[in-house]
Protein chains: 2
Amino acid sequence: MSKGQPVRNLHKHVVDELGQRIVGGLFAPGASLPREEALAESMVVSRTALREAMKVLGAKGLIETRQKTGSRVRDKQHWNQLDADVLNWRCAAMPTDDFIAQLVEMREIVEPAAAASAARNRDRSQLARINAAYKAMAAAADLDAWVAADFEFHEAVLTATNNELLQSLFHVIATALQTFFQLSARKAKDFKYSLPLHFEVSDAIRLRRPDAAREAMRHMVTDSGSLMQARKTRRVTAA
Amino acid sequence: MSKGQPVRNLHKHVVDELGQRIVGGLFAPGASLPREEALAESMVVSRTALREAMKVLGAKGLIETRQKTGSRVRDKQHWNQLDADVLNWRCAAMPTDDFIAQLVEMREIVEPAAAASAARNRDRSQLARINAAYKAMAAAADLDAWVAADFEFHEAVLTATNNELLQSLFHVIATALQTFFQLSARKAKDFKYSLPLHFEVSDAIRLRRPDAAREAMRHMVTDSGSLMQARKTRRVTAA
DNA sequence: AAAAGTCATTTGTACTACAAATGATCCGTC
DNA sequence: GACGGATCATTTGTAGTACAAATGACTTTT
């Protein structure tokens with residue numbers, strides 16, 4: 001959802017539209033949504049399509065529906081905050097500094113922990129993938145190649161944890177963060193700045209040293225985090 | 001979903017049924033599901049109800065639907081692993097030791113980080129709530145009261161992080177873990193065993209010492225984690 | 001044999017009709 | 001007049017039909 005293209009599925013479009021309105025605050029928690037028939041008419045879709053969308057929104061914890069009463073927006077605490085769509089809607093809806101800080105904090109928690117876990121659990125092929133990504137970073141001729149290899153590096157580390165939940169969490173957070181800035185991107189002239197840090201991480205994972213891996217990754221993430229902070233401020237200031 | 005009672009909503013029942021089948025492996029990733037009409041008939045519901053369920057499963061990343069081709073189960077990597085339902089289905093479907101270990105690892109990552117964050121970000125009222133929970137634990141006369149206060153303590157800490165994503169993540173993981181064992185539960189005779197550890201956590205949060213809070217929480221969690229491990233083994237052995 | 005067009009199958013959307021639930025209302029009783 | 005219960009009206013829940021749209025499979029043409 002939320003990813004370009006003139007949505008082919010009608011109900012997905014409705015999900016997206018209503019999701020944005022709810023997360024964006026147009027429908028406040030506790031507020032009642034219009035009747036299905038009216039809502040369907042206002043969105044120019046059949047009640048069938050609208051209902052399919054409503055069920056999806058219900059599954060994401062955004063709304064609660066009862067007969068006779070209708071649908072009401074649930075309290076934020078019930079939302080599936082880690083759902084990719086919900087996260088995207090929050091990113092789209094005038095993200096507050098606070099929310100971005102939360103995302104950054106999540107990354108600062110997840111990635112070092114993942115590096116440590118990878119150092120403990122990685123197998124040979126997973127290590128090879130990490131090293132390959134590192135070499136690709138070292139060999140990157142331009143910023144695009146660097147960014148691609150960088151992403152592959154992080155993904156390889158996450159895969160090496162052998163923890164699907166951790167992978168899923170990282171994926172969701174990284175995707176959301178990319179809404180605001182390229183992951184660890186830097187100005188073109190010194191885009192290889194963090195290469196030594198990446199080496200430290202991969203080396204610690206190779207040597208199966210969880211603590212060293214965690215620390216190296218922590219340095220890396222807090223470093224790029226402070227940079228993101230700077231960019232965010234600029235962005236928000238400009239907005 | 002998955003929570004007792006003869007499901008009132010038909011489509012929710014279908015979601016649950018199909019979700020369990022998919023996550024449980026009856027429908028393997030890559031496999032095609034029967035046509036909507038056939039599937040609806042086999043589950044004794046209308047195509048309308050079935051479709052509402054399919055949309056929900058699609059939103060959870062379990063299936064992918066295209067015209068003419070039908071619906072197929074997506075690869076595990078696309079599943080919303082952090083969705084409460086998906087997690088419950090995994091818990092229900094003969095959980096492997098591996099999966100439980102993943103849940104425990106997540107908790108070991110999240111809770112110490114949360115304690116540190118709470119030490120940084122808590123406000124006065126949030127600290128008061130944590131202290132109140134601690135006092136309730138200290139005053140607990142029986143195991144039930146202890147467990148309730150214990151849960152409140154952890155929830156209070158998570159709330160004090162002021163990070164909704166972190167709260168959401170903890171909630172999902174804690175709920176899933178409770179499928180297997182009471183959070184930090186102990187034998188009746190020494191159920192207050194971990195009270196000093198809880199004091200350390202609350203005190204570090206009071207003093208705004210993130211590192212101390214993280215360490216104290218880490219002790220607590222790894223401690224109860226090893227206990228869980230023991231219980232899990234027993235459980236799996238018994239099964 | 002390759003390309004283009006046709007067909008058949010399956011999902012997508014719309015619409016209608018009625019069932020079920022439930023808040024609101026009205027009525028009767030005390 | 002107040003309370004309790006039956007009735008009503010409204011809104012979602014489910015079923016079923018009909019057709020549109022997409023697309024893989026097949027057939028025809030060159």
Side-chain angles (χ1 to χ4, degrees), chain A residues 1-19 21-22 27 29-74 78 85, chain B residues 1-19 21-22 27 29-74 78 85:
Chain A
M1 226 75 63
S2 287
K3 46 178 64 174
Q5 278 88 52
V7 188
R8 49 184 172 289
N9 283 322
L10 197 41
H11 94 271
K12 281 188 183 176
H13 180 254
V14 176
V15 168
D16 210 48
E17 178 65 29
L18 290 179
R21 286 194 205 167
I22 292 172
F27 292 121
S32 286
L33 269 59
R35 306 176 17 234
E36 288 184 351
E37 199 179 349
L39 199 50
E41 188 180 3
S42 79
M43 305 194 73
V44 200
V45 297
S46 68
R47 202 186 141 205
T48 307
L50 177 77
R51 277 181 59 81
E52 290 178 359
M54 300 285 272
K55 295 307 169 194
V56 171
L57 293 174
K60 292 182 188 301
L62 296 190
I63 64 174
E64 192 176 29
T65 302
R66 280 168 41 190
Q67 283 180 190
K68 171 74 180 181
T69 309
S71 299
R72 36 181 45 228
V73 178
R74 298 188 73 184
H78 293 105
D85 290 328
Chain B
M1 227 74 63
S2 285
K3 47 179 66 173
Q5 278 88 49
V7 188
R8 50 183 173 289
N9 282 322
L10 197 41
H11 93 270
K12 281 188 183 176
H13 180 254
V14 176
V15 168
D16 210 48
E17 178 64 29
L18 290 179
R21 285 194 206 167
I22 293 172
F27 291 121
S32 285
L33 270 58
R35 306 176 18 234
E36 289 184 351
E37 198 179 350
L39 199 50
E41 187 180 3
S42 78
M43 305 195 74
V44 200
V45 296
S46 68
R47 203 187 141 206
T48 308
L50 178 77
R51 277 180 59 81
E52 289 179 357
M54 299 285 272
K55 295 307 168 191
V56 171
L57 293 174
K60 293 182 187 302
L62 296 190
I63 64 174
E64 192 176 30
T65 301
R66 280 168 40 188
Q67 285 180 188
K68 170 75 179 181
T69 309
S71 297
R72 36 181 44 228
V73 179
R74 298 187 74 184
H78 294 104
D85 290 328

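Keep in mind that this is a model prediction, so the values were computed, not measured. Convention: sequence-line order gives letters A, B, ...; per-chain numbering from 1.
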*Taking only residues two or more places apart in sequence, or in another chain, which ones meet Arg35(A) in a salt bridge (Lys or Arg N to Asp or Glu O under 4.0 Å)?*
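For Arg35(A), the residues satisfying salt bridge (Lys or Arg N to Asp or Glu O under 4.0 Å) (neighbours in sequence not counted) are Glu37(A).
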*dA15(D) phosphate, OP1 or OP2: any side-chain N/O from Ser46(B) under 4.0 angstrom?*
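Answer yes for this pair, as a side-chain N or O of Ser46(B) is under 4.0 Å from OP1 or OP2.
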*So, does Arg72(B) use its side chain to make a donor-acceptor pair with the main chain of Gly30(B) at under 3.5 Å?*
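At least one qualifying donor-acceptor pair exists.
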Nearest whole angstrom, please: distance from the [atom2] of [N] to the [atom1] of [X].
X        : N       : atom1 : atom2 : answer
Met43(B) : dT14(D) : CE    : P     : 13 Å
Glu52(B) : dT13(C) : CD    : C1'   : 13 Å
Arg51(A) : dT16(C) : CZ    : P     : 17 Å

Among [options], the one nearest [X] by side-chain distance:
X        : options                   : value
Thr48(B) : dA14(C), dG16(D), dG24(D) : dG16(D)
Arg35(A) : dA15(D), dT12(D), dG24(D) : dT12(D)
Lys55(B) : dT14(D), dG12(C), dG23(C) : dG12(C)
Glu36(B) : dG12(C), dG24(D), dG23(C) : dG12(C)

_Consider side chain to side chain contact (heavy atoms under 4.5 Å, CB included). Of Asp85(A), Leu18(A), Val56(A), Leu57(A), which one does Leu62(A) pass it with?_
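The option that passes is Leu57(A).
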Got a list of protein N/O to nucleotides 17-20 of chain C N/O distances below 3.5 Å?
unit_1, atom_1, unit_2, atom_2, d
dA20(C), N3, Gln67(A), NE2, 3.0

_Residues forming a side chain to side chain donor-acceptor pair (under 3.5 Å) with Thr65(B), sequence neighbours excluded_ =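 So Thr65(B) forms a side chain to side chain donor-acceptor pair (under 3.5 Å) with Ser71(B).
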